[in-house]
J.: 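Got a structure for you, written out below as C-alpha cells; questions coming shortly.
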Number of protein chains: 2
Amino acid sequence: MLADVAREAGVDPSTASRVLRGTVARVSPETRKRIEEAAQRLAYHANATARALRLARTEAIGMVVPQLDNPVFSTTIGGAQRAAEEAGYALLIVHQEPGASTADLARRLDASRRVDGWLIAAADEDAALRDALATLAVPYVVLNRQMQGVPFCAALDNAAAARMAVEHLLSLGHRRIGHLAGRLQGYNGMGRLLGYQQALQAAGLATHPELVAEAGYTVGGGAEGMRRLLPARPTAIFAATLVAAAGALRSLHEAGWGVPHDISLIAMHDGPVAELVHPPLTTVRMPTSRMGQVATEALIALIEGRGAERPAILAPEGLILRASTAPWTGND
Amino acid sequence: MLADVAREAGVDPSTASRVLRGTVARVSPETRKRIEEAAQRLAYHANATARALRLARTEAIGMVVPQLDNPVFSTTIGGAQRAAEEAGYALLIVHQEPGASTADLARRLDASRRVDGWLIAAADEDAALRDALATLAVPYVVLNRQMQGVPFCAALDNAAAARMAVEHLLSLGHRRIGHLAGRLQGYNGMGRLLGYQQALQAAGLATHPELVAEAGYTVGGGAEGMRRLLPARPTAIFAATLVAAAGALRSLHEAGWGVPHDISLIAMHDGPVAELVHPPLTTVRMPTSRMGQVATEALIALIEGRGAERPAILAPEGLILRASTAPWTGND
DNA sequence: CTGTTAGCGCTTTCAT
DNA sequence: ATGAAAGCGCTAACAG
C-alpha cells in the first residue's frame with residue numbers, strides 16, 4: 001500500500017505518489033530519497049486495479065486469436081507479449097473458439113473495460129467482424145490482414161514472399177512451377193497467388209490454370225491439391241503454407257515422385273515443422289513475431305493518443321534453404 | 001455506468017447493484033424488472049476495474065507458459081481458457097522468455113495484484129521456482145508436473161502412457177523395444193522411462209541399458225538418440241515425444257530402415273505433427289487440454305475458498321493407430 | 001424492500 | 001515543496 005510507504009517515509013501519500021510515479025514533480029531530493037528507500041524496503045508495487053480505476057486506463061491489452069497451436073499465431077503472440085511488456089502493459093489472451101463470432105467474445109470483455117485496446121488476429125474477414133469492430137469502445141488493430149477503414153493493420157507481404165519463393169525456383173532452372181494455394185478468397189491466399197503470378201510473368205512465363213490448386217490450410221487439402229497438380233507435371237511447387245507442403249509431400253511420396261530429385265518444393269512460413277518432415281523443407285521465413293510487435297506498438301500509440309502510422313506490410317525475412325529444392329536437370 | 005441504470009430505473013445505485021449482481025436480494029419483482037430493463041436498454045456491463053477494487057478480486061487469473069508454440073502448452077492454454085471463461089474469469093498469459101526465471105515475471109504482476117491466482121506451467125522445476133512460488137501473494141497451481149508441497153498439481157500420467165505404448169508394441173509381437181527418453185532428470189522424462197520399464201518387466205522381459213537413449217525434446221536429440229540405439233537392433237521404439245520421434249524417423253531413413261517394415265515407432269503425445277511426417281505416427285494421446293481445464297478449476301476453487309482436491313494425475317486418452325507400427329514378423 | 005453511507009488504493013487538482 | 005481533499009465505479013453494511 002502506498003499509505004504504508006508514505007507513513008514509513010513520514011510524508012503524505014500524495015507526495016509518495018508523485019515520487020513513485022515519476023511525475024515531473026517538484027520534490028526535494030531528501031524527501032524523494034526517503035520515499036524511494038521506503039518503497040524499496042517495503043517492496044512496494046502499485047495496485048494496478050486502483051491505478052486503473054483512478055486513471056481510467058488498465059494498462060492491459062487484449063488479443064483475440066483464432067488458434068493457439070498454429071505457429072503463425074503463437075509466434076505473433078510472442079512478439080506482442082514482448083512489446084506489451086516493454087511498454088508496461090499486460091497481455092490478455094482471448095482464444096476465439098471455432099464457433100464463436102470473432103469479436104462477440106471480445107465485446108463482453110470490451111464492455112467490462114478490462115483492456116485499453118484490442119489486437120485482433122481474425123481467421124477470416126467477414127461482415128460480422130466488421131460490425132463487431134465498429135462497436136468496440138477502445139482502439140483496436142488488426143493483424144495478419146489489411147482491412148479497409150481500420151485504423152491500423154499489420155500484415156505480411158504475401159506477394160513479396162511468393163515472389164521470393166518462385167524466384168528461387170526459377171533460379172534453379174524450373175519452368176513448370178505449380179502453386180498450392182491457400183484460400184483464394186482470403187487476403188493471404190490471394191496475395192500469395194498474386195506474387196506467384198507476378199514472378200512468373202516477370203520471367204516471361206505464362207501462367208497455366210492447371211498449375212494452380214486451392215489447397216487451403218490443412219494436410220488433407222495439401223495432399224489432395226498436390227494430386228490434382230500431378231497430371232500437369234510440374235517440376236517444382238510453391239506451397240502457400242507449411243502444412244499444405246507437408247500434405248503435398250505425402251502425395252508425392254505415394255505417387256513415387258522423389259523430392260527434390262523429381263520435383264522441388266518450397267513453402268511459405270518457416271517453423272519447426274519444416275525440419276520435421278522429410279526432406280526438410282526450403283521455406284520463406286516470415287516476420288510473424290515482428291508482426292505481433294509492430295501491431296502492439298501501434299496499438300499502444302493509439303491508446304496513448306499518439307496516432308498510429310499507416311498499415312505495416314512486412315517483408316519476408318528471407319529464404320531458408322533446406323533439402324527440398326534442387327536445380328532442374330531434366331529435359332522438360 | 002451503474003448510476004445511469006439506476007437513474008433510468010428510478011432507483012438507488014445500491015438497489016440496482018443488488019439486482020444486477022444477483023445478490024440474494026429481497027427486491028420487489030417490479031423494481032427488479034425495471035432495473036433489468038434499464039440495464040438491457042443501456043447495454044450495461046459492470047466496470048471490471050471498479051468491481052475489482054471494491055471486492056479485492058480481479059476475476060482474472062494469470063498463466064505462465066514457457067513456450068507458446070509447443071502443442072502441449074497451446075492445448076493446455078485452450079483448456080484453461082475455456083474453464084476460466086466458464087467461471088467468468090479472464091485469462092492473462094505470461095509468456096516466460098527463455099532467459100527469465102519462471103516466476104520472476106509473475107512476481108511483478110503478482111505484486112501489482114492484477115490476478116487472483118496463478119497457473120504455472122514451468123519447463124523445469126528448480127530451486128528458484130520454488131522460492132518464487134513461496135513469495136506469491138495469491139493462490140497458485142502447478143501444471144505438467146507434480147511438486148512436493150504445492151497446493152495443487154495437474155500432471156499427465158506418464159507411466160501409464162508409456163505402458164500403453166509399450167504394451168501396444170508387445171501385442172504386435174515386438175520383444176526388442178527401445179526407448180527414446182526425454183530428460184531423465186525431469187519429472188515427465190522419468191515417468192515415461194519408468195512406465196517403459198514396468199511394461200517390459202510385466203511381460204517378463206529384461207531391460208537393456210543399450211536400448212535406452214536420452215533424446216531430450218528436440219529433433220536433433222531424437223535423431224542422435226536413434227543413431228545410438230541402432231546397434232542394439234531394436235524392432236520397435238517408444239519415443240517420449242513427437243518431436244523426438246520425428247528426429248528418429250530421420251535417422252532411420254538415413255540408415256535405410258523402413259518404418260514400420262523394419263522397425264515400429266510409437267510416440268507419446270498426439271498432435272498435428274503426427275500426421276505431417278511419413279509414415280504418420282501411431283501415438284498415445286494425452287489429455288493436455290483437460291489438464292489446463294482441471295488446473296484452472298482447481299485454482300478457482302482455491303481462490304474462492306473452496307479448498308482444492310488432491311493432485312490430478314491424468315490418464316492417457318488412448319492409442320491413436322496410424323501407420324508407424326506393425327506386427328513383428330522377422331526372426332529376432 | 002430500498003436508500004444512505006462509507007470506502008477499496010490511487011492520483012490530482014487546489015491550497016498552503 | 002508538501003498536504004488536504006475529492007473522486008474514479010462499484011458493493012456491502014447499516015438504517016429505516
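Predicted model, so just to flag it, every value in this text is computed and none were measured. Below, chain A is the first sequence line, B the second, and so on; all start at residue 1.
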J.: What are the atom names and distances for every N/O pair under 3.5 Å that joins the protein to nucleotides 4-6 of chain D?
T.:
residue, atom, partner, partner atom, Å
D:dA4, OP2, A:Asp12, OD1, 3.2
D:dA4, N6, A:Ser14, OG, 3.3

J.: Take atom CD1 of B:Ile35 and atom P of C:dC1, then tell me their distance rounded to the nearest Å.
T.: 13 Å

J.: How long is the straight-line distance from CG of B:Leu91 back to CD1 of A:Ile93, given to the nearest 0.5 Å?
T.: 8.5 Å

J.: What is the separation between atom CG on A:Asn47 and atom C1' on C:dG7, rounded to the nearest whole Å?
T.: 14 Å

J.: A:Arg21 has an atom CZ; how far is it from atom C1' of C:dC10, in whole Å?
T.: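 Nearest whole value for this atom pair: 9 Å.
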
J.: For A:Ala90 and B:Leu92, which heavy atoms make the closest approach, and how far apart are they?
T.: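 For A:Ala90 versus B:Leu92, the nearest heavy atoms are CB-CD2, 4.0 Å.
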
J.: Applying salt bridge (Lys or Arg N to Asp or Glu O under 4.0 Å), name anything that partners A:Glu86, two or more places apart in sequence or on another chain.
T.: none

J.: Between atom CG of A:Asn158 and atom CZ of A:Arg145, what is the distance when rounded to the nearest 0.5 Å?
T.: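 The CZ atom of A:Arg145 is 9.5 Å from CG of A:Asn158, to the nearest 0.5 Å.
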
J.: From CG of B:Leu20 over to P of C:dT2, roughly how many Å is that when rounded to an integer?
T.: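 The distance from CG of B:Leu20 to P of C:dT2 comes to 14 Å, rounded to the nearest Å.
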
J.: Closest approach to the side chain of A:Ser28, judged atom by atom: which nucleotide of D:dA1, D:dC10, C:dG3 is it?
T.: D:dA1

J.: How close or far is atom P of D:dG3 from atom CZ of A:Arg7, stated in whole angstroms?
T.: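 A:Arg7 atom CZ is separated from D:dG3 atom P by 14 Å.
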
J.: For A:Ala46, which contact category applies under a 4.0 Å heavy-atom criterion: base, sugar-phosphate, or nothing?
T.: sugar-phosphate

J.: If the cut-off is 4.0 Å, is A:Thr31 near the phosphate of D:dA1, judged by side-chain N/O to OP1 or OP2?
T.: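 A:Thr31 to D:dA1 OP1/OP2: no side-chain N or O under 4.0 Å.
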
J.: Please tell me which of B:Val11 and B:Leu55 maps to the more 5' nucleotide of DNA chain C, matching each residue to the nucleotide holding its nearest heavy atom.
T.: B:Val11

J.: Tell me: CG of B:Leu53 to P of D:dC8, nearest whole Å?
T.: 13 Å

J.: What pairs with A:Pro139 under side chain to side chain contact (heavy atoms under 4.5 Å, CB included), at least two apart in sequence or on another chain?
T.: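 Per chain and number, A:Pro139 pairs via side chain to side chain contact (heavy atoms under 4.5 Å, CB included) with A:Leu299, A:Leu302, A:Ile303.
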
J.: Using only side-chain N and O atoms of B:Tyr44, determine if any of them is under 4.0 Å from OP1 or OP2 of D:dC10.
T.: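 Yes, because at least one side-chain N or O of B:Tyr44 sits under 4.0 Å from OP1 or OP2 of D:dC10.
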
J.: Looking at D:dC10, C:dG3, D:dT2, which one has an atom nearest to any side-chain atom of B:Thr15?
T.: C:dG3

J.: Nearest whole Å is fine: how far is D:dC8 C1' from B:Leu2 CG?
T.: 14 Å

J.: For A:Arg290, I'd like to know if atom CZ has over 12 heavy atoms of other residues, nucleotides or ligands within 6.0 Å.
T.: no

J.: Could you check how far CZ of B:Arg57 sits from P of D:dC10, rounded to whole Å?
T.: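 Computing the B:Arg57:CZ to D:dC10:P distance gives 17 Å.
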
J.: Does a donor on one side chain and an acceptor on the other come within less than 3.5 Å for A:Gln40 and A:Glu36?
T.: no

